[in-house]
Amino acid sequence: MYQVKITAESSEEFYTKLLEFTDVLCLTERHWLANLSNVAALIGMNMKEINWAGFYLRSQGMLILGPFWGKPACTRIPIGIGVCGTAAATLLPQLVDDVHLFPGHISCDDQSRSEIVIPFLSPAGSLLGVLDIDSPLYRRFTDEDLQGLTAILARLIAACDWTEL
C-alpha cells in the first residue's frame, strides 16, 4: 500500500507533485486498469474540496463506470448526455461551475455542485473515456486544474497498454 499525502503551497506545486506520484505509480505497471485505479485514488485522497474522482470508459456507444474514489456512482452514461457524455461527444473538456444549470445534467450524488470532465484519447486518437471529478462547492475547478489534470492524463495514456480495453 502506498500512503501518499501531497502538501503544496500552490496549485502549480500540487500538480507537479501529483504528476511525480503518477509517474511512480505507473513506472512498473502497464495495465490500464491498475493505473487508472491508483490515479483515481491518488486524486481522491489529495485533491481538496472534492467528493468524487474517477473514470468512465467508452464501451459500445456508452460510458461505463471505471475505477473511482468516492460514493457508488452511475454505471452507464449515454454519450452526448450530461457533463460526462457531452465531454465524450465533443472531445472537449467541461468545467462546470454549477451542475444544476447544465442541460441534461445526470445527478449521481446530490451533494455535487461543480464538475470537471476531461476526455482522453488513445495514442491512435480514439476516445478511451473521461476523467470526472465532482465537488460539493460551486465554482471549484479552474483552468489550472484543467491544465494539471490534462498533464496527468497524458502521462497515463503514455504509460498504459490500451490493447486490452
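Owing to the predicted nature of the structure, the values given are computational and were not obtained by experimental measurement.
- With Leu121 as the fixed residue, the side-chain contact (heavy atoms from CB on, under 4.5 Å) test singles out one of Ile157, Leu153, Leu127, Leu128: Leu127.
- Looking at residues two or more places apart in sequence or on another chain, you find a ring pair (Phe, Tyr, Trp, His ring centres under 6.0 Å) between Phe68 and Trp52.
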Next on the checklist: Let's go through Arg155 and Leu19 carefully: what are the C-alpha distance in whole Å and the side-chain angles of both, what is the deciding distance for side-chain contact (heavy atoms from CB on, under 4.5 Å) to 0.1 Å, and is it a yes or a no?
Outcome noted: CA-CA 8 Å; Arg155 292 287 173 88; Leu19 194 57; 3.3 Å; yes
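- Using a cut-off of 4.0 Å between Lys/Arg side-chain N and Asp/Glu carboxylate O, Asp98 and Arg113 are scored as not salt-bridged.
- You'll find the side chain of Cys84 reaches within 4.5 Å of the side chain of Val130, heavy atoms only.
- In this structure, CG in Leu146 is found 4.0 Å from OG1 in Thr150, a value given to the nearest 0.5 Å.
- Ring geometry for Trp162 versus Phe120: interplanar angle of 30 to 60°, hence tilted.
- If you check the side chains of Ser126 and Ser122, you find a donor sitting under 3.5 Å from an acceptor.
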Item to check | Verdict with supporting geometry, Leu57 and Trp32, side-chain contact (heavy atoms from CB on, under 4.5 Å) | outcome: CA-CA 11 Å; Leu57 303 170; Trp32 61 269; 3.4 Å; yes
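- Donor-acceptor pairing under 3.5 Å is lacking for the side chains of Ser135 and Asn51.
- Between Ile116 and Val83, the closest side-chain pair of non-hydrogen atoms is not below 4.5 Å.
- The CD atom of Gln94 sits 13.5 Å away from atom CZ of Phe141, with the distance rounded to the nearest 0.5 Å.
- Atoms CZ and CE, from Phe21 and Met45 in turn, are 10.0 Å apart once rounded to the nearest 0.5 Å.
- When the shell of 6.0 Å around CD of Glu12 is examined, it contains 12 or fewer heavy atoms from other residues, nucleotides or ligands.
- Between the OG atom of Ser37 and the CG atom of Leu42 there is a distance of 12.5 Å, given to the nearest 0.5 Å.
- Identified under the disulfide bond (SG atoms under 2.5 Å apart) test for residues 128-165, with sequence neighbours left out: none.
- Between Asp134 and Arg140 there is no salt bridge, since no side-chain N of the basic residue sits under 4.0 Å from a carboxylate O of the acidic one.
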